[in-house]
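Just so you know, ligand 1 is whichever comes first in the structure, and atom 1 is the first atom listed for that ligand.
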Amino acid sequence: MYHVLSAHQFDRNQLDHLFRMADIMEYTAANGGSNVLNGKIMAALFFEPSTRTRLSFESAMLRLGGTVISTENAAQFSSAIKGETLEDSIRVISSYADVIVLRHNEVGAATRAAKVSDVPVINAGDGAGEHPTQSLLDLFTIQKELGKIDGLHIAMVGDLTYGRTVHSLSYMLSRYQNVTLYFVSPDNCPIPQKVKDYLDEQGVTYFEENDLQQVAEKVDVLYMTRIQKERFPSGEEYLKAAGKYVIDQNVLNLMKQNAIIMHPLPRAGEILPEVDADPRAAYFRQAKNGVYIRMALLAYCLGGKQAEAELEALAKVMG
Ligand code: CP
């Protein structure tokens, strides 16, 4: 049984393999999908709001011939509201489905769920903890857009304390050679010490900065994040961080011509709409790649080597 709980669990070979499968999935999706997961059921259990993660997982499952059961506001519309523990819910749901995709407000929830589940659990975001499938699609996007990940200079900007996507992305980037990271954040939401300790252990070069303009001109990837109002301890703390970093035409003018701008989305003012038409704005292409990465993950978790072999053969036949 293969759970997807943390960015830490992926080594470089697995990442390369998943990205190759995601390429095949893009081709498969464009050619009518596949039935390799026919008869399999995915449960989407979301205790926090989501547009991209939930719908792209559902789309991925349907494109592989599987079916979906879901609760999009589990905190209110599942038996959690009656006091049922996460563990009890998971024990029951794992008898209804072949895989559980879980988004939860508490750090570590997916790991707790995996301990009692009879089927694979995929972490679709656990509070301010991790969001490993987002990082997979982020890296897949960088590789597609720039042709490589080794040697790149990558800035992560915004709410780096509560932004789970940047935690997972930092961990996963440590699997690549000679990457240089720039963490640009307001003073009250810096990258956590835990992440820096890990990067130190892995020998990754990183800098903590607060001048976005200086960083923008030297990086290959500018990864923006939303200041997450809902996770700050008070409205006052949120206001200290909000609006400090904004990508507009002035920042675009400073950036390299072949750099890209990414964002896990949703955005809340940190990338102005005037940026969207610039070819370097990669965030909507990034969101689209989520379907292909999640197809690859579901095939890996549920179909195993046989499903992957079928898909590879199909891609070969189709040219
Ligand atoms: N990137 C991301 O996790 O988006 P959603 O919250 O819409 O799923």
Side-chain angles (χ1 to χ4, degrees), residues 4-7 10 18 22 42-63 68 70-77 99-110 113 121-142 144-145 154 156-173 189 221-232 247 260-271 275-276 281-298:
V4 179
L5 304 176
S6 165
F10 293 94
L18 271 173
M42 181 189 92
L45 184 60
F46 277 62
F47 287 82
E48 283 190 334
S50 169
T51 296
R52 277 145 291 272
T53 311
R54 187 169 70 86
L55 293 179
S56 64
F57 260 116
E58 293 191 2
S59 172
M61 191 65 183
L62 296 173
R63 286 183 189 282
V68 174
S70 74
T71 169
E72 66 179 290
N73 185 354
Q76 208 181 340
F77 295 127
V99 60
I100 297 173
V101 178
L102 173 69
R103 170 167 289 187
H104 202 277
N105 50 305
E106 289 173 21
V107 176
V121 171
I122 299 179
N123 181 1
D126 59 335
E130 284 209 52
H131 195 348
T133 70
Q134 176 70 44
S135 306
L136 290 170
L137 78 90
D138 293 342
L139 289 182
F140 179 57
T141 300
I142 295 171
K144 265 177 89 174
E145 296 274 330
I154 298 171
M156 301 184 207
V157 184
D159 173 2
L160 306 187
T161 297
Y162 306 107
R164 57 196 174 198
T165 66
V166 295
H167 306 162
S168 292
L169 184 56
S170 301
Y171 296 144
M172 245 179 231
L173 279 166
C189 49
V221 177
L222 197 50
Y223 188 98
M224 297 298 293
T225 64
R226 178 174 67 93
I227 304 294
Q228 298 177 81
K229 189 175 186 178
E230 69 276 19
R231 300 202 198 279
F232 275 73
I247 306 285
I260 54 170
I261 302 165
M262 297 176 66
H263 195 308
L265 302 175
R267 60 180 158 178
E270 57 280 348
I271 301 177
V275 174
D276 296 355
Y283 30 92
F284 294 120
R285 299 191 292 274
Q286 178 187 355
K288 187 175 180 189
N289 288 333
V291 175
Y292 312 132
I293 274 290
R294 287 167 176 140
M295 287 171 77
L297 271 179
L298 289 169

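Contacts of T165 with ligand 1, taken as heavy-atom pairs under 4.0 Å, are absent altogether.
Within the set P49, S56, P264, A124, the minimum heavy-atom distance to atom 1 (N) of ligand 1 is found for P264.
When hydrogens are left out, the protein atom nearest atom 7 (O) of ligand 1 is T51 N, 2.8 Å; that is the closest non-hydrogen contact. The protein atom (non-hydrogen) at minimum distance from atom 6 (O) of ligand 1 is R103 NH1, 2.9 Å.
Counting the atoms of ligand 1 from 1 in the order shown, those under 4.0 Å from a heavy atom of L265 are 1 (N), 2 (C), 4 (O). Near T53, meaning under 4.0 Å from one of its heavy atoms, ligand 1 places the atoms 2 (C), 3 (O), 4 (O), 5 (P), 8 (O).
Here the shortest heavy-atom pairing between A7 and E130 reads N-OE1, 2.8 Å. The two residues F46 and A124 make their nearest non-hydrogen contact at CZ-CB, 3.8 Å.
For the 3.5 Å distance criterion, the side chains of H263 and R226 fail to qualify, holding no donor opposite an acceptor.
Counting heavy atoms from C-beta outward, H167 and S135 have side chains that stay 4.5 Å or more apart.
Taking distance alone, with nitrogen or oxygen atoms compared against 3.5 Å, R54 stays at or beyond that limit from ligand 1. Checked by distance only, ligand 1 and P266 stay at 3.5 Å or farther apart across all their nitrogen or oxygen atoms.
Rounded to the nearest 0.5 Å, atoms CD1 (I227) and CZ (R267) are 15.5 Å apart.
Using modelled atom types, one side-chain atom of D126 and one backbone atom of G108 make a donor-acceptor pair closer than 3.5 Å.
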